[in-house]
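Here is the structure we will look at.
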Amino acid sequence: MYPASLKGRSLLTWKDWTPEEIRFLLELSHAVKKSAHNNDVHQRFRGKTLAMIFEKRSTRTRCAFETSFSEEGGHPVFLSTHDIQLGAKESIEDTARVLGRMFSAIEFRGYKQSTVEILARESGVPVYNGLTDLYHPTQVLADVMTLEEVFRKHKGLKLCYVGDGRNNVARSLIIISSKLGINCTIVSPKELFTEQALLDECAVWAKESGAEITVTDDLDAVSGANAVYTDVWVSMGEEAESEMRRSLLLPYQVNEDLMKKTGNAACIFLHCLPAIKGEEVTVPVVEGSQSRVWDQAENRKHTIKAIMLATLMNPSV
Ligand code: CP
Ligand code: NVA
């Protein structure tokens, strides 16, 4: 059943979405994928327009938004910060008001979470967070979809994220896991632990869903994992910290020894990509039989289309 609460909604972080709404999006994502693989043709975004603002680089997110919107008859417009006045000659508020008059929805990838919040507040149209310094919500929906494809469920699975525990992907995994009852273990050096304030916020949702959220520097915590997940050691915008990150995170590289430590031959490997092979993950792991990273990347498109269908239309599953 389509939750009417979704029409016109923005996705800035999963914090303000209910577990039921997220589960609906997952169900819709699977239906969207099936339909895509059947080569079905739909025109559900005909007459609609999407502004896509990118302050940071992107392959998957940009292509997922752009192809899924245009193949349904919509018109996406890519706007890098070299092209528009945003932040240079014009305030975020004024940009939002103008874009809201011309576009059906706005996607934003960039630095500050406050930018995407202002865009949502001032534009009057749905705004989608395509990654900020704090969160990467569209990514983790695709990650849960990938878990469901492999394990036929998500609740009760043990997802171990190994790496920088305070980056946008780790933070978003903790949020969605606590909403959906996924047992999420963040394995990270103490210096890069997820901040307590976010963990406290998530504890409330985790109590309701039954999720166990753990943050530890102990690599043995991967024992029994259903999935091991990692991300780059240096996120976009943090290049000045590269050397410090590398020395802190070297012991946390996902390699064959670490995958063996799970004690679970059926454990899968996930990575949001792009991957720096030889840093956070070795070639044998990312290219190996346990890796599901290409399905995960494909699922970015289906989940992003589902998010736009749910917030712009009244889709049925
Ligand atoms: N995973 C992800 O967001 O990839 P891009 O940076 O290529 O969009
Ligand atoms: N944490 C990474 C994710 C890239 C998709 C970054 O922000 O660069």
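Read the numbers this way: they start at 1 and go in the same order the structure lists the ligands and their atoms.
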Requested in this report: Return the minimal non-hydrogen interatomic distance between Met145 and Leu26, and the atom names on each side.
Outcome: N-CD2, 3.7 Å
Query raised in the report: Less than 4.0 Å between a side-chain N and a carboxylate O, is that true for Arg166 and Glu238?
Result: yes
Query - Identity and distance of the protein heavy atom lying nearest atom 7 (O) of ligand 2 - result: Asn168 ND2, 2.9 Å
Query raised in the report: Is Leu131 touching ligand 1 with its side chain, its backbone, both, or neither, if touching means heavy atoms under 4.0 Å apart?
Result: neither
Requested in this report: Determine the interplanar angle of the Phe45 and Phe69 rings, folded into 0 to 90°, and report it as parallel if under 30°, tilted if 30 to 60°, perpendicular if over 60°.
Outcome: parallel
Query raised in the report: Is ligand 2 less than 4.0 angstrom away from at least one heavy atom of Asp164?
Result: no
Report task. Write out the residue and atom name of the closest protein heavy atom to atom 2 (C) of ligand 1, then the distance separating them to 0.1 Å. Result -> Arg300 NH1, 3.2 Å
Report summary line: protein heavy-atom neighbour closest to atom 7 (O) of ligand 1 works out as Thr59 N, 2.6 Å
Report summary line: Of all protein heavy atoms, the one nearest atom 6 (O) of ligand 1 is Arg109 NH1, 2.8 Å
Query - Residue, atom name and distance, where the atom is the protein heavy atom closest to atom 4 (C) of ligand 2 - result: Leu131 CD1, 3.9 Å
**Report entry** Shortest protein contact, atom 8 (O) of ligand 2 (heavy atom only)
**Finding:** Met236 N, 2.8 Å
Query raised in the report: Does atom CE of Met244 have more than 12 heavy-atom neighbours from other groups under 6.0 Å away?
Result: yes
Query - Heavy-atom side-chain proximity of Asp133 to Gln113 below 4.5 angstrom - result: no
Report task. Might you point out which heavy atoms bring Thr132 and Lys112 nearest each other, and give the distance in Å? Result -> CG2-O, 3.9 Å
Query raised in the report: Can you tell me how far the OG1 atom of Thr67 sits from the NZ atom of Lys305, to the nearest 0.5 Å?
Result: 8.0 Å
Requested in this report: Run the numbers for me: atoms of ligand 2, each under 4.0 Å from some heavy atom of Ser235, listed by number.
Outcome: 1 (N), 2 (C), 6 (C), 7 (O), 8 (O)
Query raised in the report: So is Met236 polar-close to ligand 1, meaning N/O to N/O under 3.5 Å?
Result: no
Requested in this report: Check ligand 1 against His136 and write out every atom of the ligand that is under 4.0 Å from a heavy-atom position of the residue.
Outcome: 2 (C), 3 (O)
Report summary line: Per-atom filter on ligand 2: closer than 4.0 angstrom to a heavy atom of Leu273 are 5 (C)
Report summary line: of all protein heavy atoms, closest to atom 3 (C) of ligand 2 is Asp231 OD2, 3.6 Å
**Report entry** Test: Arg62 cationic atom under 6.0 Å from Phe78 six-membered ring centre, within 45° of axis
**Finding:** yes
Query raised in the report: Relative to atom 4 (O) of ligand 1, which among Arg60, Gln296, Arg57 owns the nearest non-hydrogen atom?
Result: Arg60
**Report entry** Enclosure of His82 NE2 (heavy-atom neighbours >12, cutoff 6.0 Å)
**Finding:** no
